[in-house]
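The structure under discussion appears below in the form of structure tokens.
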Amino acid sequence: MSREGYRNLTVKNELVHYSVEYPASYDRAGPRVDYQSGPLTSVTFLAPQKRIDIVVPSPVENEVKTVSAEYVPASIKILVWEPYGPPNTPNSSSEYVENILSRGARLEYFRLLERSPITVSGIPGEMIYFVDEWGLLAPKDEGVKLKFTRVVYFDCDGLIWRIDSEAEEEMLDEVNAYFDYVLQTFKILGSPNSGV
């Protein structure tokens, strides 16, 4: 039975078998399996959309215009894939963590806020928490819109597991609480082919 305000999801496909509880107020996309880069299986939990005024370039030189657009201010994702080994591609959870940090070091607004070991469903992994530019062109008077990301990586049964959250600053406390509960309730239920 799910805690009030949460829904239970059990995912069982040819790659994974796990259960998790997620915020009932969030929409769900997936689970789905993608064979183009993997195989990879994913599910995304999406906060209700918001509207934002964004600046877009104008065809007239040195002019911009402001338009209103919808965006998702927060999400929580679970991705699992088989390492497939092309050159210069990370092939373990620790290599993915180092890859994120290496790329982030070259970005203007990237700041690592925390890096720590973590255990998810009894499996040791690593969590990184960082902030970076959202990528939305916000009005000039608001400055750069930042995105706060927590990423957990671990390896299990020959697969790479990633659970992450992304949130705008205004929703940070709420999304961090949701993410903590997702991690707390996340359970690997066995191999999808074991009959469990």
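The structure presented is a predicted model; accordingly, all values stated were derived computationally and were not measured.
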Testing the basics here: between [X] and [Y], what is the closest heavy-atom pair and its distance to 0.1 Å?
X	Y	result
T10	S19	OG1-CB, 3.8 Å
V97	E126	CG1-OE1, 3.8 Å
R162	I100	NH1-CD1, 3.8 Å
P39	L15	O-CD2, 3.8 Å

Just jot down the side chain to side chain contact (heavy atoms under 4.5 Å, CB included) partners of [X], sequence neighbours excluded, or say none.
X	result
E169	F148
K50	Y71, P73, E168, M171
E4	none

Full working for side chain to side chain contact (heavy atoms under 4.5 Å, CB included) between S42 and D34: CA-CA 8 Å; S42 64; D34 177 7; over 6 Å; no
Please determine whether side chain to side chain contact (heavy atoms under 4.5 Å, CB included) holds for the pair V152 and V120, giving the CA-CA distance in whole Å, both sets of side-chain angles, and the decisive distance to 0.1 Å. CA-CA 9 Å; V152 171; V120 180; 3.8 Å; yes
Any chance you could measure [X], atom [atom1], to [Y], atom [atom2], to the nearest 0.5 Å?
X	Y	atom1	atom2	value
L46	K77	CG	NZ	8.5 Å
Y18	N13	OH	CG	8.0 Å
S165	L172	OG	CG	8.0 Å
L146	E170	CG	CD	9.5 Å
I118	I128	CD1	CD1	12.0 Å

Going by the salt bridge (charged side-chain N to carboxylate O under 4.0 Å, His left out) test, which pairs reach into residues 88-109, not counting sequence neighbours?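 Matches after skipping sequence neighbours: E98-R115.
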With sequence neighbours left out, which residue pairs that include part of residues 67-76 fulfil the salt bridge (charged side-chain N to carboxylate O under 4.0 Å, His left out) condition?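 Applying salt bridge (charged side-chain N to carboxylate O under 4.0 Å, His left out) to every pair that reaches into residues 67-76, excluding sequence neighbours, yields R51-E70.
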CG of D164: more than 12 outside heavy atoms within 6.0 angstrom?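 Yes, because the 6.0 Å sphere around CG of D164 holds more than 12 heavy atoms from other groups.
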Sequence neighbours left out, what passes ring-ring contact (aromatic ring centres under 6.0 Å, His included) with F110? Give chain and number order.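 Expected list: F130.
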For [X], which residues count as a side chain to side chain donor-acceptor pair (under 3.5 Å) partner, sequence neighbours excluded?
X	value
Y96	W81
S92	S94
T44	none
E114	S116

List the atom pairs, donor and acceptor, that lie under 3.5 Å between side-chain atoms in residues 173-181 and the rest of the protein, sequence neighbours left out.
residue	atom	partner	partner atom	Å
N176	OD1	R150	NH1	3.4
N176	ND2	Y129	OH	3.4
D180	OD1	R150	NH1	3.1
D180	OD1	R150	NH2	2.8
Y181	OH	E21	OE1	2.8

Starting from the C-alpha separation in whole Å, work towards a yes-or-no answer on side chain to side chain contact (heavy atoms under 4.5 Å, CB included) for K147 and D132. CA-CA 5 Å; K147 176 172 60 178; D132 193 11; 5.7 Å; no
With V16, the side chain to side chain contact (heavy atoms under 4.5 Å, CB included) member among L159, V33, V43: L159
Kindly determine whether I188 and F154 satisfy side chain to side chain contact (heavy atoms under 4.5 Å, CB included), including the steps that lead there. CA-CA 12 Å; I188 295 176; F154 59 92; 3.9 Å; yes
Are any side-chain N or O atoms of S75 and backbone N or O atoms of F45, one a donor and one an acceptor, separated by less than 3.5 Å? no
Note, T185 side chain near R3 side chain (heavy atom, < 4.5 Å): no
Close side-chain approach of V131 and Y109, heavy atoms under 4.5 Å: no
Distance-only criterion, 3.5 Å: show the donor-acceptor pairs between side-chain atoms of residues 22-31 and protein atoms not counting sequence neighbours.
residue	atom	partner	partner atom	Å
R28	NE	G30	O	2.9

Would V72 and W134 show up in the same hydrophobic cluster when neighbours are defined by side-chain heavy atoms closer than 4.5 Å? no
